Amino acid sequence: MKSIITTLQALFLRYTQEIFSNESLTLHDIQITEINANFKGDYTLVLFALSKKLKQSPQQIADLLITTLSKPNYDHIFESFELVQGFLNFKLQASYLWKLFNKDYYNVYIYEHNFIEKSTQPKLICLEYSSPNTNKPLHLGHLRNNFLGMALCNILEKIGHTVVKTCIVNDRGIHICKSMLAWQLYGNNETPQSTGLKGDHFVGNYYVKFNEEYQKQIQILLAEGASKPDAEKNAPILLQAQNLLKKWEDNDHETLRIWEKMNNWVLDGFKETYLRIGSKFDKTYFESKIYKLGKNIIKQGLQDNILYQDINGAVCIDLTQEKLDNKVLQRADGTAIYITQDLALADLKYQDIKKENQQEIDQSIYVVGNEQNHHFEVLKHVCIKLQIKGSQNIYHLSYGMVELPTGKMKSREGTVVDADNLIDDLVSLAKNKTLELNKGFKEDQVDNLAEILGIASIKFFLLRMDPKNKMVFNPEESLDFKGFTAAFIQYTYVRIRSLLEKNNFDNDYKNKPCAVGYYNILENASVRNLLKKIFLYNDKMSLAATMYNPAILAQYIYDLCQLFNSFYNEVQIKHENDIDNTKTFLLMLSFITKEIIYDSVTTLGITLPNEM
RNA sequence: GGUCUGGUAGCUCAGUUGGAUAGAGCAACAGCCUUCUAAGCUGUGGGUCAUUGGUUCGAAUCCAAUCCAGAUCACCA
């Protein structure tokens, strides 16, 4: 269903073309905005662009428009006009709003069960997100990544695109060897089972242990008179870890056995968290399985003279024409680095998805933090130069870091906010709050509800902000259940459910014809504002999709809920008269609000309770 | 040093191709529950949109310079 702004734009385009006999006018010249709260009316036609194009003053244009549109042979949809310094404010007829709601929203929804217009150009999109390392548990930054990825996927699908969700698991490399080594040295054959720890936390503890020992050894070397860089490079435990990496790459049986065992512990832990937060993937790739493929691409690149070897034998690419430096793609000793496997993955994803969908990928989105902006710029250029298919359609959706009030999160200094712990904290906060409000739920109901509310609260908190900006997370202040939060929205939702139920909506009103009324109720500002906000849903969804920004949707939902609550407090539906269909209309309005909340909140990946 | 982000209320954030007197939430203060769920609603206070200049009917938004903060510029990931 079309948004009201678009509808009005089209209408005014027709009007102006007719009235000013000017066929060259386009939609671009018709600037319609929601009215500024300080003025009277519903919407505003901003006349400056039109004035320039028509070479007439805003006053002249407005005069002619008003006199013509007020004539009875024109669409009878305007109630009044007011011109204020180039802004033509107008109020719509209540009957028009009523009809619009009934025909374009209510009935369409009842029949089609959908609010959103599909894109006329559906795309096949590959969306990569999450990308965990298997040496430590997920933290708050990963949560932002996961929530963004899921929400974006849902938004794009809502618009009608096909999205293939992929995940690359970074399960090899020196960082993995560090936790492995620490476990070998200090683990005493303990396991997640024997300690009762979640697998990823269990392994993460050894990663921390490694760094502690590493720091100790550096201090010892420094005390013995070594320079700082030497100490950092020669600490025995680091040399051991490097040695372990070499053994891993040489397929040392025992090393691989331990690696696989520890990796599975971590992956089991991730699985649990992903299930809890609702992250799903269509395809999961493992770096350990694909990193070697990159070497073939590099070999081919050398043969084609796109790449070159420097004096030490490292394979490089010249990106000076792209205003970037020369970039190494493979070490002098022939081993792979980060970008080597990214090349392989880009190629692999393209081939796999094309094969499965019998269709070219239109876009490949990577949800990765903005610390890697440079890396992805380089990656895209390298892919293009190496003529990897689909390279032109690579898009890095870069999101800002999550910081604490004290500054950056640093794993080594223990200042990370652990994902699992955070979720537990929020769930338990939600539980306390629920118990405090004492609404008479049974114990398992309380636990269920707390799980829904706790997870929703962190999701909404992370999604309501523009992805590209960094954000500050204050544990004390952020974890609230009032104001601009998920709980507020969930509360509004259950409140509407209850309202509809108490008023017997499903049986007595849902299918009642209600095309005509006396419309007095639309003079109530809270009713009118809610209705106008409903008319914007489609617009906001498609904007969120084109901008890759779930925050637009989050903000919209919040506004909608706030308007509903104002309306709810002002109008007592059960006391309204239904002789003129007013009560039916208000219940339908509430119903559509509820359905939009459900539709949009679900799209963000957030669960709604039925009561709270 | 180069490149890229950002700087809006005490704090956390909106502000959609330049539009009218810059908006929310939190925090503070004052009200509203025998009436459809008060996790709600209503109101008050709080701003040199980092600074300076420019572009024009009009600038938080575009341009330039300066200041501040962050990221990045690895044969790390």
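Residue numbering restarts at 1 for every chain, and letters A, B, ... go by the order of the sequence lines. Treat the numbers as computed from the prediction; the structure is a model and nothing was measured.
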Considering only nitrogen or oxygen atoms on both sides, find all protein atoms under 3.5 Å from nucleotides 17-21 of chain B and state each distance.
unit_1, atom_1, unit_2, atom_2, d
G19(B), N7, Q31(A), NE2, 3.4
A20(B), N6, T44(A), OG1, 2.5
A20(B), N6, N89(A), OD1, 3.0
A20(B), N1, N89(A), OD1, 3.0
A20(B), N1, N89(A), ND2, 3.2
U21(B), O2', N38(A), ND2, 3.3

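- Using a 4.0 Å heavy-atom distance criterion, S51(A) is classed as making no nucleic acid contact.
- K439(A) comes within contact range of at least one nucleobase, with a heavy-atom separation under 4.0 Å.
- Residue-level contact check: Y338(A) touches the bases, meaning some heavy atom is under 4.0 Å from a base atom.
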Under 3.5 Å, which N/O atoms of the protein pair with N/O atoms of nucleotides 71-75 of chain B?
unit_1, atom_1, unit_2, atom_2, d
C75(B), O3', R331(A), NE, 3.3
C75(B), O2, A332(A), N, 2.8
C75(B), N4, D310(A), OD2, 3.3
C75(B), N4, N312(A), ND2, 3.2

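- One finds no salt bridge joining K91(A) and D42(A) here, because no Lys/Arg side-chain nitrogen approaches an Asp/Glu carboxylate oxygen to under 4.0 Å.
- Within the 6.0 Å centre-distance limit, the rings of F461(A) and F473(A) are counted as a close aromatic pair.
- Residue-level contact check: S498(A) touches the bases, meaning some heavy atom is under 4.0 Å from a base atom.
- The one candidate from Q445(A), K439(A), E501(A) that meets the side chain to side chain contact (heavy atoms under 4.5 Å, CB included) condition with E611(A) is Q445(A).
- Residue contacts for N503(A): at a heavy-atom cut-off of 4.0 Å it reaches a base atom on one of the strands shown.
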For RNA chain B, just give me the dot-bracket, please: Watson-Crick or G-U, both distances below 3.5 Å, ( ) intra-strand, [ ] crossing earlier pairs, | paired with another strand, . unpaired. (((((((..((((.....[...)))).(((((.......))))).....(((((..]....))))))))))))....
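- Judged purely by atom type and a 3.5 angstrom limit, H142(A) uses its side chain to pair as donor or acceptor with the backbone of H139(A).
- With its glycosidic angle more than 90° from 0, C63(B) adopts the anti conformation.
- At the phosphate of A27(B), OP1 or OP2 sits under 4.0 Å from a side-chain N or O atom of K482(A).
- Between D325(A) and T320(A) there is no side-chain heavy-atom pair separated by less than 4.5 Å.
- Considering only side-chain N and O atoms, S566(A) lies under 4.0 angstrom from the phosphate OP1 or OP2 of U42(B).
- Distance check, rounded to the nearest 0.5 Å: OH of Y399(A) to CG of L152(A) gives 13.0 Å.
- Contacts of L500(A) with the nucleic acid, taken as non-hydrogen atoms under 4.0 Å apart, are absent.
- Put simply, Q555(A) has no side-chain N or O that comes within less than 4.0 Å of OP1 or OP2 on G25(B).
- Heavy atoms of M612(A) sit under 4.0 angstrom from at least one base atom.
- Residue contacts shown for E611(A) include a base, since a base heavy atom lies under 4.0 Å away.
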